[in-house]
Amino acid sequence: MEMHNARCTCRNCPAADFGANKRSIGPAIIACHRRPEIGFVDPETITFEECPQWRSTPYGYLLQNMRVMILGIDGYLGWTLALWLGTLGCEISGVDNYARRDWVKERGAHTVVPISRMTERLRAANEVLGIEVNFRELDIFNDRDRLQEFIDEIKPEAIVYYGECPSAPYSMIDVEHASYVQQNNVLGTLGVLFMMRDLVPQTSLVKLGTMGEYGTPPTGRPLFEGMFPDEAILRWNDREWNLGGEITPRDPGSFYHLSKVHDTFNTAKACRFWGLRSYDIMQGVIYGVNTPQVAADPRLRTRLDIDEWFGTVINRFVAQAVVGFPLTIYGSGEQIRGFIGLEDGMQCVTRLIAHPPAPAQYDVVNQMSGFNSIKQLADTVARIASKEFHIPVTIQRVENPRVEYDVHPYEPIYNKLPEQFGFEPRVQLDDEIYRMLELLTQPDIKQRIEEKKHLILPRTWWSGEKKLVESLEIIEEIKYEASA
Ligand code: USQ
């Protein structure tokens with residue numbers, strides 16, 4: 001079967017130099033940074049399939065030794081991606097200021113899967129996987145000059161932006177936290193857009209947004225991939241307009257989600273103003289602990305948070321089950337979210353890097369592999385924990401400290417990744433929950449969950465109140481039965 005990016009041409013390639021012959025009049029021509037010997041060519045003539053610089057991989061053609069810079073390389077996703085892409089032959093560089101470690105520490109929590117210091121991580125990546133990561137410790141917002149220098153030195157061919165604070169509850173603690181999250185996220189990204197304009201305008205920016213930008217519109221309007229499809233019509237007062245291509249309305253659920261909405265507009269405009277290229281990923285809630293690389297050695301493990309601020313719902317439910325803490329469904333549990341396993345998230349980003357947007361193209365993909373209600377997830381975790389691990393599990397409903405629709409229609413559209421980029425989900429929810437239970441029941445990890453059990457019940461209310469939520473009802477007790 002033909003690879004998804006086989007017919008992409010130099011137009012999409014970060015090695016194409018569009019400024020090569022500025023004085024020429026007539027059709028655009030390019031030179032190639034990687035193959036100067038080909039001279040000036042029409043950007044549409046050579047395809048990725050034909051170009052010897054693009055090598056076949058399971059995720060499409062990938063530039064040989066492609067230079068990928070990961071902003072936020074020390075986090076849950078950043079570290080995992082560094083090892084994943086390194087194994088595929090990419091030259092990895094990355095920056096981080098260890099903020100995620102600090103935020104979690106500030107809340108008195110810790111990653112329940114122990115992770116190594118960066119120096120140890122880098123050494124282990126080299127020893128175990130033969131990957132050299134070019135790392136620089138810096139703050140994307142505060143150390144702009146140093147980041148600029150680093151980008152200029154590396155000249156990355158793709159930049160993956162994972163350097164934002166990802167927590168809705170953290171952004172709702174108080175005005176300091178809300179301001180910090182918006183400054184770090186929105187202004188950090190804005191700075192990078194300017195750097196790309198000045199230093200690497202041909203590089204694609206793969207930027208992490210969130211499905212939460214859309215919210216859950218009570219009208220039931222489908223959650224299109226960023227923009228309205230061509231056929232969308234607005235009717236009003238006997239008149240009609242075609243909405244195709246317009247950014248859809250957003251209804252974000254926290255000051256964190258709002259920061260991502262602002263990024264959406266800043267990034268879309270930078271592509272429009274300066275011809276930059278970007279894929280904005282609206283990612284569903286991510287879960288899991290497993291890729292072949294992070295599982296290869298304990299020093300290569302990625303973090304896993306389970307506290308109310310940085311733990312996402314499936315990861316939290318699994319940890320709660322392991323220590324016998326009743327699973328915490330907020331509100332009715334009927335709220336529905338899109339989800340994606342860690343390894344599937346890595347596959348999607350790889351495919352996007354392999355298929356760069358054309359100049360000035362801003363595009364959005366909804367990155368998820370399925371959707372479930374919170375109640376369904378709690379039931380699934382409880383079933384696997386009790387049946388396969390003989391752990392009795394209780395599920396409780398607690399007050400919902402957030403402001404969100406409890407019951408709502410949900411129709412996400414998530415066709416682009418499978419249809420245009422060849423994404424095939426491989427992570428099955430049940431299998432990944434099983435793998436997480438295997439890891440989290442290990443005595444040292446279970447002990448680390450026990451130590452932070454007091455940080456499971458949420459106390460950050462969207463209203464500003466500071467009190468632990470109260471349990472509303474115990475809705476299920478699932479016990480393992482030997483005959484089952
Ligand atoms: N929830 C529970 N019980 C819990 C934790 C969460 O019922 O113990 C519910 C929440 O009320 C919410 C849903 O589960 O309805 C998801 O909550 P979450 O904390 O797993 O995820 P969220 O706050 O939405 O944020 C996470 C990531 C964020 C990403 C987002 C994708 O932290 O970075 O943007 O997932 S999305 O949800 O699609 O916006």
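In this chain, residues are counted from 1 in sequence order. Excluded from the calculations below are hydrogen atoms, water molecules and symmetry mates; all remaining heavy atoms, backbone and side chain alike, are included. Note that ligands are numbered from 1 as they come in the structure, with each ligand's atoms numbered from 1 the same way.
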Residue, atom name and distance, where the atom is the protein heavy atom closest to [atom]:
atom                    : result
atom 38 (O) of ligand 1 : Met211 CB, 3.2 Å
atom 11 (O) of ligand 1 : Glu404 OE2, 2.6 Å
atom 39 (O) of ligand 1 : Thr210 OG1, 2.7 Å
atom 26 (C) of ligand 1 : Thr312 CG2, 3.8 Å
atom 25 (O) of ligand 1 : His257 NE2, 4.4 Å
atom 7 (O) of ligand 1  : Tyr330 N, 2.9 Å
atom 37 (O) of ligand 1 : Val285 CG2, 3.2 Å
atom 20 (O) of ligand 1 : Val313 N, 2.7 Å

| Side chains of Tyr162 and Ile73: closer than 4.5 Å at any heavy-atom pair? | no
| query | Side-chain contact, heavy-atom cut-off 4.5 Å: Ile151 with Pro156? | reply | yes
Regarding [atom]: of the candidates [options], which has the closest heavy atom?
atom                    : options                        : result
atom 27 (C) of ligand 1 : Ser373, Cys165, Pro401, Pro166 : Pro166
atom 17 (O) of ligand 1 : Arg402, Gln335, Met368, Glu334 : Arg402
atom 3 (N) of ligand 1  : Asn315, Thr328, Leu457, Val469 : Thr328

Looking only at side chains, do [X] and [Y] share a donor and an acceptor under 3.5 Å apart?
X      : Y      : answer
Arg121 : Thr119 : no
Ser471 : Gln396 : yes
Trp309 : Thr460 : yes

Hey, is [X] touching ligand 1 through its side chain, its backbone, both or neither, going by heavy atoms under 4.0 Å?
X      : value
Glu308 : neither
Ile374 : side chain
Tyr256 : side chain

Just say parallel, tilted or perpendicular for the rings of [X] and [Y], cut-offs at 30° and 60°.
X      : Y      : answer
Phe339 : Tyr287 : perpendicular
Tyr170 : Phe310 : tilted
Trp84  : Tyr59  : tilted

[X] [atom1] to [Y] [atom2] distance, which is reported to the nearest 0.5 Å:
X      : Y      : atom1 : atom2 : answer
Met227 : Leu243 : CE    : CG    : 13.0 Å
Leu81  : Tyr76  : CG    : OH    : 13.0 Å
Glu432 : Leu437 : CD    : CG    : 10.0 Å

Using a 4.0 Å cutoff against the non-hydrogen atoms of [X], which atoms of ligand 1 qualify?
X      : result
Gly212 : 36 (S), 38 (O), 39 (O)
Ile329 : 7 (O)
Arg337 : 15 (O), 37 (O)
Gln283 : 31 (C), 38 (O)
Arg316 : 4 (C), 5 (C), 8 (O)

| request: Taking the six-membered ring of Trp461 (Phe, Tyr or Trp), confirm whether the NZ or CZ of Lys466 is under 6.0 Å from its centre and within 45° of its axis. | output: no
